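Below is one structure; the comments refer to it alone.
The first residue of the sequence shown is numbered 1, and numbering continues consecutively from there. Computed from a predicted model, the values in this text were never measured in an experiment.
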Amino acid sequence: MHDDPRSAREERTISRWTRSQAAAIRRSEETLAPVVYPPAEDIDPDLHIWDTWLLRNRDGTVAEIDGYRVIFSLTAPADLLPGKRHDVATIRYFYSRDGREWTCGGPVFDEGAEQRSAGGRAKSGDDVPFGSRQWAGSALYDETDGDGKLYVYYTASGTRGETDLTYTQRLAVGSGGTVETDDDGLEISGPFDHEILLEPDGTEYEREEQSRGMIYTFRDPWFFEDPQTGETCLLFEANTPVPDPELESDRYDADPAHLDFNGSVGIAVSPSGDPTDWELRSPILEGVGTNQELERPHVVVQDGRYYLFLSSHEHTFAEGLEGYDALYGFVADSLHGEYVPLNESGLVLTNPESAPFQTYSWLAYPHREEILVSSFFNYYDLRGLSLDDVANLPDDEQQRRFGGTLAPTVRLGVDGTETRVLGVLDHGHLPLPREELPPLLSSYRDGDGDGEY
Ligand code: FRU
């Protein structure tokens, strides 16, 4: 028995991304994405498009509804300054028959004529999402009981109706929407029943008022059902409370000042399997002392191993560490760990040094023996400018340098604790496992041309 919840917590195995592991982050041939150029055609020129996720079945496979696959993206009007997009983020859906051409079906949630008062709880059948804007999530198409039920998980950011934007983050879901198709396309319609699913508890998961770090996080819910145990889970991005950095510095093998960087990958489970009923558990990974933001965590199961992927930024590493805007990954034999970093440091895929911010917010999914990685085309043609410098450019220059559309999909080979970039597909090309990928160019990453990587 423990009176102090912190000591109970210490007895559980929480995998760590340590400073010494992250100190080995270096670009390499295996982890480098090619330079991205603007696409010939934008998927929707009227929109900025960034974080994107696929509609998936309960078993994690990509849902195909009457021949259509569906993606959800955070979007904002393209005439808005790109740096302002997070303040108005709206989840829109896009559908495609071939995984190449995407049609925008519009916003997923109806904003409703009436704004719910600040802090108000949604009533059943209420069609208005929580938050003053909605951030990233995931989407489940559940056919367990026959008819497909749609669950759109999202981050309720701020509070609906607020006049000054706040950064409160809560995990929410809109459920009960329907998906209909005909020869002309696919339509998602409400009403959705919106619910707040989880808020930080202050012990395992930092509350906003406890935060000393640069950017507070409790967001990006990602539905996952463990194929080996059947456990129904929700992963999310969070921070670990470190109430007394002096006391905890030994435990994390970091200076007290580094402990303000306290990113974690959180997990909740649904004991009944109900996709709207969650209990918080200890995080599955912590980057305390290492990195502040472990964004959009998600898992791909390949060869019976659990590959945990997340996105992070150059500027969110703690002092003394140098990382990149990149996809990072970890592997374990079970969902709860213990995780070891892929490629020793955790670095899986990053942008070239000459274009360090060209893509961000990666999403990995399995394709036969490969893993495909989607992301969005972010800032390019910066010629050495930092992201802070970009914010000081004239508006039209900020717009010109922002991609705001899907990036080329990257093909990854995976072998145990190692990954390597094998090649790329077109911007926004998201093939299903039943669809063949083009043959790999033998010159690409295959030094001796023998077809072995
Ligand atoms: C990653 C991210 C997500 C968040 C969204 C907000 O690109 O920071 O964690 O949900 O952007 O726009």
Task: cation_pi(R27, Y324) dist<6.0 Å, angle<=45 - done: yes
Open item on the list: Using 30° and 60° as the class boundaries, would you call the ring planes of F223 and Y153 parallel, tilted or perpendicular?
Closed with: parallel
TODO: Give me the ring orientation class for Y93 and F72: parallel if the planes are under 30° apart, tilted from 30 to 60°, perpendicular past 60°.
DONE: tilted
Open item on the list: For a 4.5 angstrom cut-off between non-hydrogen side-chain atoms, does V70 reach L54?
Closed with: no
TODO: Rounded to the nearest 0.5 Å, what's the gap from CG on L393 to CZ on R401? Could you check?
DONE: 5.5 Å
TODO: Kindly indicate whether the side chain of F236, heavy atoms from C-beta on, has any atom under 4.5 Å from the side chain of L280.
DONE: yes
Task: Test applied, ring-ring contact (aromatic ring centres under 6.0 Å, His included); reference residue, Y328; option that passes from W362, Y339, F317, Y307 - done: F317
Open item on the list: Could you tell me if D59 and T61 have a donor-acceptor pair between their side chains, going purely by distance under 3.5 Å?
Closed with: yes
Open item on the list: Between R56 and W222, is there a side-chain heavy-atom distance shorter than 4.5 Å?
Closed with: yes
Open item on the list: Please confirm whether the ring centroid of Y154 lies under 6.0 Å from the ring centroid of H194.
Closed with: yes
- [ ] Could you check if a side-chain atom of S375 sits within less than 4.5 angstrom of a side-chain atom of S361, using non-hydrogen atoms only?
- [x] no
Task: Under 3.5 Å side-chain donor-acceptor pair for T240 and N262 - done: no
Task: Under the salt bridge (Lys or Arg N to Asp or Glu O under 4.0 Å) test, residues paired with E237 that sit two or more places apart - done: R219
- [ ] Please determine, by modelled atom types, if Y360 and E295 share a side-chain donor-acceptor pair under 3.5 angstrom.
- [x] yes
Open item on the list: Can you tell whether the side chains of D142 and R58 come within less than 4.0 Å, N to carboxylate O?
Closed with: yes
Open item on the list: For N378 and T359, which I'm curious about, is there any donor-acceptor pair between the side chains at under 3.5 Å?
Closed with: no
Task: Partners meeting side-chain contact (heavy atoms from CB on, under 4.5 Å) with D333 (sequence neighbours left out) - done: R305
Task: Within 45° cone and under 6.0 Å: R85 NZ/CZ vs W50 ring - done: yes
Task: Short N-O contact, D44 and R92, less than 4.0 angstrom - done: no
Open item on the list: Does D277, at its CG atom, have more than 12 non-hydrogen atoms belonging to other residues, nucleotides or ligands within less than 6.0 Å?
Closed with: yes
Open item on the list: Parallel, tilted or perpendicular: which one describes the rings of F192 and F109, with boundaries at 30° and 60°?
Closed with: perpendicular
TODO: Can you establish whether the number of heavy atoms outside D274 located under 6.0 Å from its atom CG is more than 12?
DONE: yes
- [ ] Would you check if the side chain of Y205 reaches a backbone N or O of R281 as a donor-acceptor pair within less than 3.5 Å?
- [x] yes
